[in-house]
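Residue numbers begin at 1 in each chain, while the letters A, B, ... track the order of the sequences.
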There are 2 protein chains.
Amino acid sequence: MSELDRIDRHILNILQQDSSISNVVLADQVGLSPPACLRRVNRLREAGIIYAEVALLDPKKVGYQLNVIVEVELERDRPDLYDQFKRKVLAAEEVTQCYQVTGEVDFILVVVVPDMQAYEAFIQRVLYTEANMRKFRSLISLNRPKFETAIML
Amino acid sequence: MSELDRIDRHILNILQQDSSISNVVLADQVGLSPPACLRRVNRLREAGIIYAEVALLDPKKVGYQLNVIVEVELERDRPDLYDQFKRKVLAAEEVTQCYQVTGEVDFILVVVVPDMQAYEAFIQRVLYTEANMRKFRSLISLNRPKFETAIML
DNA sequence: CGTGAAATATGTATCGT
DNA sequence: ACGATACATATTTCACG
């Protein structure tokens, strides 16, 4: 795995906040010529360190007002069924994030939907049909005071 | 609030998956001339519908192996202290996401750190020093099977 | 919204350290 | 191995119809 020097980290910190800046501006900010800077950025992309560049939308402005954090407990004696559940979660568009956790709870899901009706539909389609489900708990959120994708290096 | 037509939604869906494509390619994919397409993208940016364009890093490749979902319960009789807690959370770099939820739990935090030591340091600095804290529960995750930022329209 | 032209940016080749 | 300069190609952006 490639080591990241000070300039690479500087580039990553900037692009994590704003990837729409031109390479010439980026190069200037990190103190390199544009070609030298571009080579580094391309190297970081090829290494998969930068795995995507995306536009972030304001959920409320596109009618997605509701976040639900779901704690899921599966039957413990069937670890092979974990993969089945994972596949279902990956296929469900409403689930934006899934964390496999240790302890009483097995998975945490972050579900983003327009309203309660859409959430009920999700429960019916994905959770109630899961044979392996022991129980789940839904934590409803209308407010997301913080949402950062950046890891500052 | 501005209405989104079919082409705007198409643009948003594409840019949520890859915002690094050139405007000419985007224009071609949605069936517009480049200037017409760029005018729409800029309109979406100015309306705050697109609120950021960012590079996403692979956490493991930059040494951030650990996600912790934290359920926080505060003292109920002091709703004014919610804001104090929110400010602390906004200032804490380890907290990448914060959801205010209804029910027994008051907040869900998503904390991203390199290792347990960094998490312990976070707990000491942010959670144990919170006078308003009733209790919290940490759900440790070494696996994040899904992480999507897109809302498909 | 589209066309065409001017201004910028990106990407390549080559050289120097 | 890495960065800088200069040049060629491509894209962004403006004015106008």
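Within the 4.5 Å cutoff, no side-chain heavy atoms of Pro59(B) are placed close to those of Phe147(B). Taking the side chain as every heavy atom from C-beta outward, Tyr99(B) and Ile69(B) never approach each other to under 4.5 Å. A 4.5 Å side-chain heavy-atom check between Asn13(B) and Gln16(B) finds at least one atom pair inside the cut-off. Using a 4.5 Å heavy-atom threshold, the side chains of Ile140(B) and Val101(A) count as separate.
Between Val113(B) and Glu94(B) the shortest heavy-atom distance is CG1-CG, 3.8 Å. Between Lys60(A) and Gln65(A) the shortest heavy-atom distance is O-NE2, 4.0 Å. When all heavy atoms of Cys37(B) and Val30(B) are compared, the pair lying nearest together is SG-CG2, 4.3 Å. For Asp106(A) against Leu74(A), the heavy-atom pair with the smallest separation is OD2-N, 2.7 Å.
Distance Asp28(A) CG to dT10(C) P: 13 Å, rounded to the nearest Å.
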### Message
Across nucleotides 8-15 of chain D, 5' to 3', mark each nucleotide with B, S or - according to how protein heavy atoms within less than 4.0 Å reach it.
### Response
---SBSB-
### Query
Dot-bracket for DNA chain C, 5' to 3', counting Watson-Crick or G-U wobble pairs under 3.5 Å, with [ ] for crossing pairs and | for inter-strand pairs?
.||||||||||||||||
